[in-house]
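Numbers restart at 1 for each chain; the letters A, B, ... are given by sequence-line order, proteins then strands.
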2 protein chains.
Amino acid sequence: MEVQLQIKMNEKLFLRDPEQTELGKKIIQHSVELIHKNGFESFTFKKLAEEIESTEAGIYRYFENKHRLLIYITAWYWGWVQYCVVFKTNNIKDPAVKLKKVIQLLATTVVDDDKTLHINEDLLHQIIISEGSKAYLTKHVTEDNKEQLFKPYKDLCGVIADIILECSPKYKYPRSLASTIIEMAHFQIFFMNNLPSLTDFGKTKDELKVVSFLEDLVFNSIRKK
Amino acid sequence: MEVQLQIKMNEKLFLRDPEQTELGKKIIQHSVELIHKNGFESFTFKKLAEEIESTEAGIYRYFENKHRLLIYITAWYWGWVQYCVVFKTNNIKDPAVKLKKVIQLLATTVVDDDKTLHINEDLLHQIIISEGSKAYLTKHVTEDNKEQLFKPYKDLCGVIADIILECSPKYKYPRSLASTIIEMAHFQIFFMNNLPSLTDFGKTKDELKVVSFLEDLVFNSIRKK
DNA sequence: TTTAAATGATAGTAATACTATATCATAGAA
DNA sequence: TTCTATGATATAGTATTACTATCATTTAAA
């Protein structure tokens, strides 16, 4: 049996749903590749259009602008991560084991998931590490947030916060710790690879050390005292 | 006696030293104000030139482009923070007290420092919170890093890591914990104000709660077990 | 088969991110 | 006093970016 995964996206993220058409899927697929290759700053709809042999105007029918496309991509990613978290922690009783699974999922290389054909999750993971925070670090966060554009991120944070509370019902900062885990899983990887002296993993560049650091950080914070 | 603070900057950060001329100082001062007001994305040298009643070409003589200017501003900020850290922790014996001072310095509102006349440190602090990471989240981090453009950030991280080691000589992740403190001091403040459900401080919007969270996180990690 | 939706082709505009060059004021050295 | 280097002003021009608009054509659902 073949299963296909579809992540339901907020309709405000796009002008026309890219999942519904061939062109739409090509836009997402090649956006991920282009942003991965050249970075978000030098990414333009013109270049994307050339890549997929369509036109700039064609892409503007799907997304208002490239920033909205970035929000779409990150929202998709967080939705997908939440699916993975729920899937991988299913049937696990011990919340501490769940939390470890989550940390590992966030901080280690992603294996491309065949359930979504047009999206390369490994590239996407790398994009989110270096471009993800640009989705919300803007002057218009508040309005974007009102449109619920960051809901998948906030939902994931909520799921992780709940696991933290399962581990330690009296812990006072479950949400802040959850967002810290998410952000630091990515930032420490970025630093390790690009500004290694900001970490203790520069020599080996081993993602598993980031996992160890985060586990140490998290479990020392939430354990009973 | 009046003391004037000058932060020595890496010469590769600029084409002409803005500290040395009136126009240069105006560029820095009004950049901070404009970026604070409209965000880095919509900031252009043209608008800046209009603001200071000079010309675009004039500004290009000081900075290669607006991204270099952002790196300059952030580098200046980290240099200044390091000066504050050293100053405020001077003569304190207890490293735990030092570390608390550092956390407070990073996470709470900055009082404008009269020692630097043309720079408003409070605005600058707010800019760094929302724009600071854009300085290094680029495709050219590695080259920029080779030119030592991020040295002030890395030095500050080193200073904090040393304090952590004073507290707990056997702690395994002093640098990663230091960069986590720095980043989270800023991100949690940003989240608290803009995406409050990612934190536990949304209702009160009280910076001191961010301080408490970070202290809890840090001291549980480094205390002897 | 009709017809609406999706796409493609083309054109145009305002703003952005620069580069180049020529002039001018002034302050210190010869 | 003159020369020269430095900093500032003024103007002009280019390639690219970030869009918007229009119209023709293909495709796919009713």
Side-chain angles (χ1 to χ4, degrees), chain A residues 9 11-31 34-35 37-73 118 131 134-135 138-140 143-144, chain B residues 9 11-31 34-35 37-73 118 131 134-135 138-140 143-144:
Chain A
M9 303 292 289
E11 300 207 343
K12 286 184 178 148
L13 283 165
F14 47 75
L15 299 172
R16 176 175 301 171
D17 188 352
E19 294 281 345
Q20 298 304 316
T21 67
E22 275 313 303
L23 180 60
K25 284 181 207 167
K26 268 173 114 180
I27 288 173
I28 301 303
Q29 183 196 339
H30 287 85
S31 292
L34 264 184
I35 295 174
K37 194 174 160 207
N38 305 317
F40 183 65
E41 273 70 40
S42 83
F43 169 79
T44 68
F45 280 1
K46 184 114 191 255
K47 291 176 191 166
L48 176 59
E50 278 158 25
E51 197 77 10
I52 61 183
E53 284 169 319
S54 176
T55 59
E56 228 183 327
I59 296 160
Y60 275 105
R61 281 199 205 96
Y62 284 82
F63 293 98
E64 252 179 273
N65 53 53
K66 71 172 188 165
H67 188 258
R68 280 281 160 133
L69 198 161
L70 180 67
I71 300 184
Y72 178 92
I73 285 174
H118 61 293
E131 319 289 353
K134 294 172 192 168
T138 67
K139 271 283 154 183
H140 44 88
E143 296 96 79
D144 290 351
Chain B
M9 303 293 288
E11 300 208 343
K12 288 185 177 147
L13 283 166
F14 47 75
L15 299 172
R16 177 174 299 169
D17 188 352
E19 294 281 345
Q20 298 304 315
T21 67
E22 275 314 302
L23 179 61
K25 285 181 206 166
K26 268 174 114 180
I27 288 173
I28 302 302
Q29 183 196 338
H30 287 86
S31 292
L34 265 184
I35 295 173
K37 195 175 159 207
N38 305 317
F40 183 65
E41 273 70 40
S42 84
F43 169 78
T44 70
F45 280 1
K46 185 115 192 254
K47 291 175 190 166
L48 176 59
E50 278 158 26
E51 197 77 10
I52 61 182
E53 284 168 321
S54 176
T55 60
E56 226 183 329
I59 295 160
Y60 275 105
R61 266 193 237 98
Y62 284 81
F63 293 99
E64 251 179 272
N65 53 52
K66 70 173 189 165
H67 188 257
R68 281 280 160 134
L69 199 161
L70 180 68
I71 300 183
Y72 178 93
I73 285 174
H118 60 292
E131 319 288 354
K134 295 172 192 167
T138 67
K139 271 283 155 184
H140 45 89
E143 297 96 78
D144 289 352

Spacing of B/I52 atom CD1 relative to D/dA10 atom P, expressed in whole Å: 13 Å
Residues within residues 41-51 of chain B bordering DNA chain D, heavy-atom distance below 4.0 Å: none
Geometric class of the A/F43/A/F45 ring pair [parallel <30°, tilted 30-60°, perpendicular >60°]: perpendicular
Heavy-atom check, side chain of B/I28 versus side chain of B/K25, under 4.5 Å: no
Using atom names, set out every protein N or O paired with an N or O of nucleotides 26-28 of chain C below 3.5 Å, distance rounded to 0.1 Å.
none

CD (B/E53) with more than 12 external heavy atoms under 6.0 Å: no
Pairing residues for B/E51 by the side chain to side chain donor-acceptor pair (under 3.5 Å) criterion, not counting sequence neighbours: none
Partner residues of A/R16 under the side chain to side chain contact (heavy atoms under 4.5 Å, CB included) criterion, sequence neighbours left out: A/R61, A/Y62
Those residues of residues 13-30 of chain B lying under 4.0 Å from DNA chain D by at least one heavy atom: B/R16, B/T21, B/L23
Atom pair CG (B/L34) and CD1 (B/I52), whose distance is rounded to the nearest 0.5 Å: 9.0 Å
Rounded distance [0.5 Å steps], CD1 in B/I27 versus CD in B/E19: 11.5 Å
Neighbour count above 12 (heavy atom, 6.0 Å) for A/E11 CD: no
Side chain proximity check, A/H140 to A/H67, heavy atoms < 4.5 angstrom: yes
Side chain B/R61 and base C/dT19 donor-acceptor under 3.5 Å: no
Exceeds 12 heavy-atom contacts within 6.0 angstrom, atom NZ of A/K47: yes
Expected output: side-chain A/K139 to main-chain B/I35 donor-acceptor under 3.5 Å: no
Grab the N/O contacts between the protein and nucleotides 19-21 of chain D below 3.5 Å, and write none if there aren't any.
| from | atom 1 | to | atom 2 | distance (Å) |
| --- | --- | --- | --- | --- |
| D/dC19 | O5' | A/Y60 | OH | 3.1 |
| D/dC19 | N4 | A/E56 | OE1 | 3.2 |

Any B/Y62 side-chain nitrogen or oxygen under 4.0 Å from OP1 or OP2 of D/dA8: yes
Residue pair B/E41 / B/E131, side-chain heavy-atom distance below 4.5 Å: yes
Touch class at under 4.0 angstrom, heavy-atom based, for B/F63 against every strand present: nothing
Any B/S54 side-chain nitrogen or oxygen under 4.0 Å from OP1 or OP2 of D/dT9: yes
Residue pair A/F63 / A/S31, side-chain heavy-atom distance below 4.5 Å: no
